[in-house]
Amino acid sequence: MCGIVGAVAQRNITPILLEGLKRLEYRGYDSCGVALHVDGQLQRSRSTSRVADLEHQIEEAHLKGFTGIAHTRWATHGAPASHNAHPHFSPSTDNARIALVHNGIIENHDELRVELTALGYVFQSQTDTEVIAHLVDHMYNGDLFDTVQHAVKRLTGAYAIAVFSREEPHRVVAARQGSPLIVGLGNGENFVASDAMALAGTTDQIIYLEEGDVVDLQLGRVWIVDSNGKQVQRDVKTVQAHTGAAELGPYRHYMQKEIFEQPRVIGDTLEGVTGIMPELFGDGAYNVFKQIDRVLILACGTSYYSGLTAKYWIESVAKIPVNVEIASEYRYRDSVPHPNTLVVTISQSGETADTLAGLKHARSLGMEHTLTICNVATSAMVRECKLAYITRAGVEVGVASTKAFTTQLAALFLLTLSLAQVNGRLTDAEEANHLKAMRHLPVAISAVLALEPQIIAWAEDFARKENALFLGRGMHYPIALEGALKLKEISYIHAEAYPAGELKHGPLALVTEEMPVVTVAPNDTLIEKLKSNMQEVRARGGQLYVFADVDSRITSGEGVHVIRLPEHYGLLSPILHVVSLQLLAYHSAVARGTDVDKPRNLAKSVTVE
Ligand code: HGA
């Protein structure tokens with residue numbers, strides 16, 4: 001969350017900074033801003049609207065410069081207001097010497113604020129970031145690189161920062177600890193950014209900074225020191241970053257486009273998989289899979305639900321016990337580690353701060369067998385894990401994850417089969433059947449997408465509700481959880497999901513005629529139990545909205561609305577059922593007129609705790 005771009009060049013850099021911000025907007029969109037070195041002064045423009053508005057302001061003000069920094073914010077400390085937008089200036093707005101942008105949280109900001117206030121600094125914002133700007137100004141000794149190296153020693157918490165000084169017009173200094181930051185190398189110009197995508201089209205020569213690094217960017221030189229102040233060489237990688245999202249085409253929102261891309265991206269994710277083998281996850285996977293006797297999955301949000309689905313798969317097919325943990329909880333709790341654990345992290349961006357910290361924590365407990373399911377091959381998560389499967393969902397713009405989720409499920413199903421094979425639990429015939437089913441997934445998903453008109457009709461009803469319940473059983477319980485999450489994050493309708501058997505233990509008290517109850521009803525071994533749970537809802541007047549499989553013998557009637565999925569899909573059924581729930585959430589949000597691709601208070605990539 002929060003996106004940073006900075007540049008030192010011999011040409012006007014505002015187009016580069018603005019383009020970078022547009023590509024980083026997925027990280028946060030509460031506010032944005034740019035600061036430039038202009039004729040010996042620091043000048044800044046900030047907006048609480050989108051980057052397009054900032055661009056307009058900058059054009060109007062004819063703001064141009066050769067050195068500068070820019071930021072798109074997801075507020076942690078202080079409201080998303082103009083005075084809290086980055087860049088922050090020090091010592092004051094009128095007499096600025098230092099400009100600074102930050103991604104992360106400074107945990108000792110209160111005590112630093114007290115100290116700096118006593119020194120005469122006047123704070124203009126409620127952010128934790130502003131303390132860094134004043135601290136750098138206070139410690140400034142004419143050499144910004146040296147100053148920042150000393151200043152960051154006073155910070156606790158997480159940061160990626162980029163800073164420049166009025167007094168050193170051709171220099172930007174940046175540092176990272178706990179938040180991502182890359183350097184882009186140009187010809188007589190250099191750049192810094194939160195990710196390589198921000199610089200696509202400007203440079204593909206990328207250095208991934210490591211924890212504790214401080215970097216000095218000048219026109220013809222990039223100098224990096226590690227946390228001990230020792231000069232270090234970091235590898236330069238040629239990175240073909242995606243240039244962002246393609247055109248919307250016939251779709252109204254990126255989320256809708258991404259839902260409809262699922263047949264293709266699942267096909268892409270499985271492309272080249274001609275047989276099940278551990279090496280799909282990297283060299284050495286066979287040995288790792290042979291050594292482990294349990295799996296620990298760490299993830300957050302939607303990725304956590306893909307992990308929960310995988311637990312059902314791995315335990316029933318590979319017969320290996322699986323524990324799925326919310327990464328932000330796992331990292332802080334006392335757990336019982338075991339060296340024979342395969343630690344699996346799941347993250348779309350590969351940057352999720354809590355999941356990265358969970359992984360680090362697991363390693364510190366002696367669990368060295370690590371594997372990630374990730375959509376970004378160059379991400380920290382992939383670099384940190386020994387094994388990986390890179391999903392090929394492509395760039396996902398909508399904040400509410402759709403195609404990233406289903407491609408994760410496809411990868412996790414491959415993991416299930418690979419573990420089963422190494423564990424002696426996958427016959428050749430079973431392998432062939434599973435592969436056939438996986439290859440058919442794009443067609444099967446397309447058939448679910450064709451249900452959109454019926455789902456739109458339901459969404460009209462949902463748009464008028466303030467609450468909804470989602471029910472599922474077995475491996476469709478995590479799908480119900482994901483459906484409820486989708487609905488709440490984009491339509492702002494309060495939604496909760498329960499395993500259907502839990503209803504009578506509490507949530508049934510909420511059921512009235514006003515309560516829509518979405519039921520995921522595949523034709524599996526639990527269908528009769530689920531039908532009884534549905535009766536319990538009907539008996540209390542609840543309105544059932546049932547996604548049933550074609551052959552599940554559930555019929556529409558008073559208070560029972562049924563949409564039939566075209567086929568029953570066995571173990572892969574969660575991948576089909578979630579698509580119908582994505583469409584329901586999407587169309588409910590559209591009917592309510594929300595900002596579907598950028599829902600309030602959220603961001604796409606969660607790089608703070
Ligand atoms: N703490 C800073 C930066 C927030 C951030 O990195 N969000 O992802 C602020 O609130 O401005």
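Ligands are counted one by one from 1 in listed order, and the atoms in each one are counted from 1 as well. Along the sequence shown, residues carry numbers from 1.
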Which is it for [X] and ligand 1 at heavy atoms under 4.0 Å: side chain, backbone, both or neither?
| X | result |
| --- | --- |
| Asn103 | both |
| His86 | side chain |
| Asp128 | side chain |

- Query: Hey, is Gly28 one of the residues with a heavy atom under 4.0 angstrom from ligand 1?
  - Reply: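 Gly28: no contact with ligand 1 (<4.0 Å).
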- Task: Under the side chain to side chain contact (heavy atoms under 4.5 Å, CB included) rule, what do Leu155 and Leu112 come out as? Steps first, then yes or no, please.
- Result: CA-CA 9 Å; Leu155 306 177; Leu112 287 170; 3.9 Å; yes
- Message: Run Tyr586 and His253 through ring-ring contact (aromatic ring centres under 6.0 Å, His included) and show every step you take.
- Response: CA-CA 9 Å; Tyr586 171 72; His253 296 96; 5.5 Å; yes
- Query: Checking side chain to side chain contact (heavy atoms under 4.5 Å, CB included) against Leu209, which of Val214, Ile182, Leu181 comes through?
  - Reply: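 Exactly one candidate clears the test, Leu181.
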- Item | Test side chain to side chain contact (heavy atoms under 4.5 Å, CB included) applied to Asn84 and Thr127, Thr48, Thr129, the passing residue |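 With Asn84 as partner, side chain to side chain contact (heavy atoms under 4.5 Å, CB included) holds for just one option, Thr127.
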Identify the closest protein heavy atom to [atom]: which residue and atom is it, and at what distance?
| atom | answer |
| --- | --- |
| atom 8 (O) of ligand 1 | Met1 CB, 2.6 Å |
| atom 3 (C) of ligand 1 | Gly104 O, 3.4 Å |
| atom 5 (C) of ligand 1 | Cys2 SG, 2.8 Å |

- What is the minimum heavy-atom distance between Glu210 and Arg176, and which atoms define it?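 What the structure gives for the nearest pair is O-CG, 3.5 Å.
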- Sole residue of Gln256, Glu258, Glu482, Gln262 in side chain to side chain donor-acceptor pair (under 3.5 Å) with Gln582: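 Testing Gln582 for a side chain to side chain donor-acceptor pair (under 3.5 Å) against Gln256, Glu258, Glu482, Gln262 leaves exactly one candidate, Gln262.
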- Under 3.5 Å side-chain donor-acceptor pair for Asp204 and Thr238: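 Per modelled atom types, Asp204 and Thr238 side chains form no pair under 3.5 Å.
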Between [X] and ligand 1, is there a nitrogen or oxygen pair with a distance under 3.5 Å?
| X | answer |
| --- | --- |
| Ile105 | no |
| His102 | no |
| Asn84 | no |
| Trp74 | yes |

- Between Tyr330 and His361, is the gap from one ring center to the other below 6.0 Å?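 Tyr330 vs His361: aromatic centres under 6.0 Å.
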- Item | Sub-4.0 Å atoms of ligand 1 with respect to non-hydrogen atoms of His77 |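 Near His77, the atoms of ligand 1 are 10 (O).
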